[in-house]
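I have placed the structure first, in the form of structure tokens, so that the comments after it can refer back to it.
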Amino acid sequence: MARISSIFSYLGRRQNPTSAHSITPQTRNRNLCTDKFSANSEDALHSHRNPIEVITQGRMLGISGANAISEELKGKPPNLGRKLAENRVTNASEIAKEVWNVIRTCPKWKTTILSDFPSISFTDPSVYSEILRQQSDLFMTLQFYLWLRSLDGFSFDPILCNEMFGRLVEAKDVAKKFLDDREFEIEPWFLELYTRSLCENESIDQVLNVFERLKEIGYCGSLETWNMALSCSVRMGRADAVWKLHEDMVKYGVASDVNTMGCLIQAFCLENNVSKGYELLHQVLKAGHVPVKVVFDNLISALGKNGKYSEVSAVMRKMIVNNCYPDIHTYHEVIRFCRGEMTNEGVRIFDELKKRGHFPNRVMYTTLIDNLCENKDVRGAWRLWFEMIEGGIIPNEFTYNVFVNGLFRNGSVDEAEKLHNEMLGKGLPETTISFNTRIHGLCINSRVEEARVLFEEMNKKDIIRDSMTFNSMIRGYAKQGNTSEAMYFLDELLKQGFEPSSASLVSLIETLCDDGYVNEAKRIWLDMSEKGFNPGDGALSPIVYGLSKQGHIAEMNKWLQYMIKSRVKPKMPTFEKLIECLCGAYKLDDALFVLHYMVEMGYLLRENICYSLVHALCKVNSHHVQTLLLNIVDGTDQHSLLNEPVSQSEGLTPCTDEHIHGSPISSLIGQSALS
DNA sequence: TTAGGGTTAG
């Protein structure tokens with residue numbers, strides 16, 4: 001594979017241009033070790049034999065059983081050999097079995113084993129090798145090994161030791177314990193082997209640890225190993241690990257290839273830095289390299305999520321030009337982000353695929369049914385449902401759950417329950433998710449008591465309840481105005497160690513304030529904040545309004561100021577309700593105080609508020625208040641209550657729909673190689 | 001068919 005080091009210049013800060021071309025001792029080491037690695041790694045990785053058995057076949061070649069040991073020990077004076085010679089023991093493997101029997105049955109074997117076998121010299125390699133050979137339980141083997149290490153005069157044959165480690169790589173936890181034993185010197189290429197094994201099991205943090213260990217001994221793995229680790233980081237969604245590994249790669253002078261670049265593109269996507277990813281893809285293609293398809297697909301997915309639809313089309317064109325054809329996965333990524341207003345575009349792409357003789361699969365149907373339900377097109381969802389079944393695709397728990405959820409959200413409670421029962425009739429299991437879907441579905445349809453029956457049913461059926469289960473119940477009861485039940489479920493949620501969601505806390509606080517329990521609402525707000533939970537911005541407005549309604553004006557001002565200082569912008573109705581309430585109580589100074597905030601935040605003074613103010617002013621007839629009001633409305637009031645006024649447009653990204661029309665994506669389908 | 005895809009709160 002040709003190197004594409006020229007692309008390094010693109011990455012700027014993450015690169016070390018001087019090291020990319022220099023040959024370091026580590027590079028030489030890497031090359032040497034790579035040869036060794038390739039000769040051994042495959043065999044070791046795919047071996048499923050008893051590790052100890054394999055070890056003995058390596059170092060202790062030719063020794064297979066008591067007779068072999070007996071031969072080996074001829075001329076040597078170890079105890080076991082002597083016992084064999086004296087015919088007191090006929091079979092060395094029997095002794096080994098007895099040793100394991102003691103270890104297995106006696107918890108204090110470490111203190112008794114020497115006296116149990118007074119004539120055995122455990123530090124003799126021939127003896128302990130035979131004992132090790134007898135055991136297939138890796139943890140027990142490790143225990144025995146660690147005990148051996150503590151014996152005076154023990155010296156483990158390093159070759160045997162490394163072979164043992166190499167075979168133990170398959171058992172990650174045990175291998176890790178060996179790694180933790182810092183006195184144990186492992187051949188670097190075993191560490192590399194171990195790294196690859198960890199990558200396959202997606203233990204990226206452990207992979208990083210082993211890379212650190214390799215760094216300590218100045219060993220550099222092969223490009224393939226680096227790429228495996230990068231790929232593992234991407235699969236785990238860990239952009240940070242990608243950058244860390246890549247930085248080290250550059251330090252070691254390992255030249256990247258197209259697979260490395262593919263991982264970097266995906267890391268940019270993970271960080272939502274899609275334009276960087278898009279640019280890097282462009283550079284890679286310009287250099288004459290084509291990344292694997294998943295890189296294109298992930299980039300398409302990220303671009304779609306960010307509303308960059310013209311770039312999605314451009315990436316698909318680039319794919320086709322480079323003979324990397326979009327397939328069902330690629331189109332699924334496209335259809336996945338065709339939600340909301342773009343649902344019909346997703347349907348168009350879907351229909352176009354079928355027209356051209358391709359067969360959408362269950363995942364495709366599931367996603368599209370979900371999108372249609374979200375877009376309130378239940379009829380369209382049913383049409384797809386039946387089309388899918390007629391096409392011979394059997395819905396699974398994903399498909400059922402998506403549609404049951406969609407039906408609940410569209411108010412079709414009976415249909416949702418019917419579909420759920422159909423799922424059960426087909427032998428599909430009930431899960432936490434299926435229960436949560438129904439509990440939430442019933443709650444949003446004001447049937448919280450039925451949801452509670454399901455909540456209890458979960459317990460009876462031993463189905464685990466999670467934070468979503470409890471939060472749905474809190475919200476369900478709060479929305480019905482039943483604060484005591486909502487509080488009960490909040491309490492239960494906390495007892496289980498779950499986090500309350502902002503939405504459920506907001507609902508609860510709103511209901512409490514509506515019912516006049518403002519102090520209780522305040523207590524919950526403060527309590528949750530203290531516990532580190534975010535009660536959500538929406539919870540502050542009802543508290544402020546609730547306080548004003550009760551006439552606690554000073555307290556209201558305190559909360560309002562807190563709200564503004566926290567850059568939580570009260571909604572227009574909150575301001576209006578506050579002003580109306582204060583005018584009603586003829587607290588004009590306070591009403592103007594609130595009005596001041598409202599105007600400063602860019603809200604316009606509407607007619608209804610003017611009436612309230614004028615009405616109150618006529619009653620009070622205060623010249624002082626009138627002047628203040630005029631100043632606020634004219635904007636001549638120079639005193640700013642806000643240090644940093646909150647900008648209305650801050651953080652908003654306008655979304656254009658110029659690419660939505662004209663269907664650039666579905667027009668590409670004809671050029672694909674779907675099969 | 002060789003890196004992978006779809007589900008529940010807001």
Side-chain angles (χ1 to χ4, degrees), chain A residues 199-200 202 224 227-237 258-259 262-263 265-266 269 291-301 304 326-337 339 346 360-374 384 388 393 395-409 416 419-420 423 428-444 451 454 458 463-476 478-479 489 493 498-507 534 536-539 673 675:
Chain A
C199 288
E200 284 170 1
E202 311 198 319
E224 288 71 26
N227 281 347
M228 277 179 85
L230 288 169
S231 174
C232 174
S233 314
V234 168
R235 283 198 309 275
M236 298 297 292
V258 66
N259 292 323
C263 290
I265 292 170
Q266 291 176 92
C269 293
V292 288
K293 204 173 72 61
V294 69
V295 177
F296 287 101
D297 288 353
N298 283 342
L299 186 56
I300 284 170
S301 176
D327 65 1
I328 202 96
H329 293 292
T330 319
Y331 285 110
H332 180 250
E333 288 306 315
V334 176
I335 285 175
R336 210 146 73 95
F337 64 72
R339 303 181 81 92
N361 60 13
R362 185 164 53 199
V363 178
M364 202 75 131
Y365 275 106
T366 305
T367 302
L368 207 53
I369 287 170
D370 194 20
N371 289 357
L372 285 166
C373 286
E374 196 192 65
L384 278 183
M388 174 182 72
I393 297 171
N396 68 359
E397 54 184 300
F398 282 86
T399 329
Y400 272 106
N401 193 64
V402 157
F403 203 13
V404 168
N405 181 47
L407 289 168
F408 270 122
R409 285 177 168 277
L419 200 66
H420 171 75
M423 182 188 89
L428 290 166
E430 285 187 294
T431 59
T432 302
I433 291 179
S434 74
F435 265 103
N436 282 353
T437 302
R438 291 164 68 214
I439 286 175
H440 178 252
L442 288 167
C443 286
I444 58 174
L454 294 183
M458 286 178 91
I463 290 171
I464 293 166
R465 299 189 278 219
D466 64 9
S467 67
M468 219 184 274
T469 325
F470 286 90
N471 276 309
S472 292
M473 291 306 301
I474 296 169
R475 215 166 130 74
K479 285 276 173 198
F489 278 101
L493 170 138
F498 294 129
E499 286 189 17
S501 71
S502 290
S504 56
L505 290 176
V506 167
S507 294
N534 177 15
D537 298 345
S675 57

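Lettering of chains follows the sequences in order, A, B, ..., and the numbering in each one begins at 1. Below, each value reflects all heavy atoms present in this structure, side chains not excepted, and no hydrogens, waters or symmetry copies.
Side chain A/Thr399 to base B/dG6: a donor-acceptor pair is found below 3.5 Å. If you check distances only, the side chain of A/Thr366 does reach the base of B/dG6 with a donor-acceptor pair under 3.5 Å. With hydrogens and angles ignored, a donor-acceptor pair under 3.5 angstrom links the side chain of A/Asn361 to the base of B/dG5. A donor-acceptor contact under 3.5 angstrom links the side-chain atoms of A/Asn396 to the base of B/dG6. A donor-acceptor contact under 3.5 angstrom links the side-chain atoms of A/Asp297 to the base of B/dG4.
No engagement by A/Ser434 is indicated, since no non-hydrogen atom pair under 4.0 Å with the nucleic acid exists. Among the protein residues, A/His440 comes within range of the sugar-phosphate backbone only, with heavy atoms under 4.0 Å from sugar or phosphate atoms but none that close to a base. Residue A/Val295 is classed as a base contact, given a heavy-atom separation below 4.0 Å to a base. Within the nucleic acid shown, A/Asn405 comes within 4.0 Å of sugar-phosphate atoms alone, with no base atom in reach, counting heavy atoms only.
Checking A/His420 against A/Ser434 by side-chain atom types alone, no donor-acceptor pair falls below 3.5 Å. Judged by distance alone, the side chains of A/Asn401 and A/Thr437 do bring a donor and an acceptor atom under 3.5 Å apart. In the model, A/Ser504 has no side-chain atom that pairs as donor or acceptor with a side-chain atom of A/Ser507 under 3.5 Å.
Comparing the C1' positions of B/dT1 and B/dG5 gives an interatomic distance of 16 Å, to the nearest angstrom.
In the set B/dT8, B/dG4, B/dG5, the nucleotide with an atom closest to the side chain of A/Asp327 is B/dG4.
Just one residue in the list A/Met458, A/Met468, A/Arg465 forms a side-chain contact (heavy atoms from CB on, under 4.5 Å) with A/Ile439, and that residue is A/Met458.
Rounded to whole Å, atom C1' of B/dT8 lies 12 Å from atom CD of A/Glu397.
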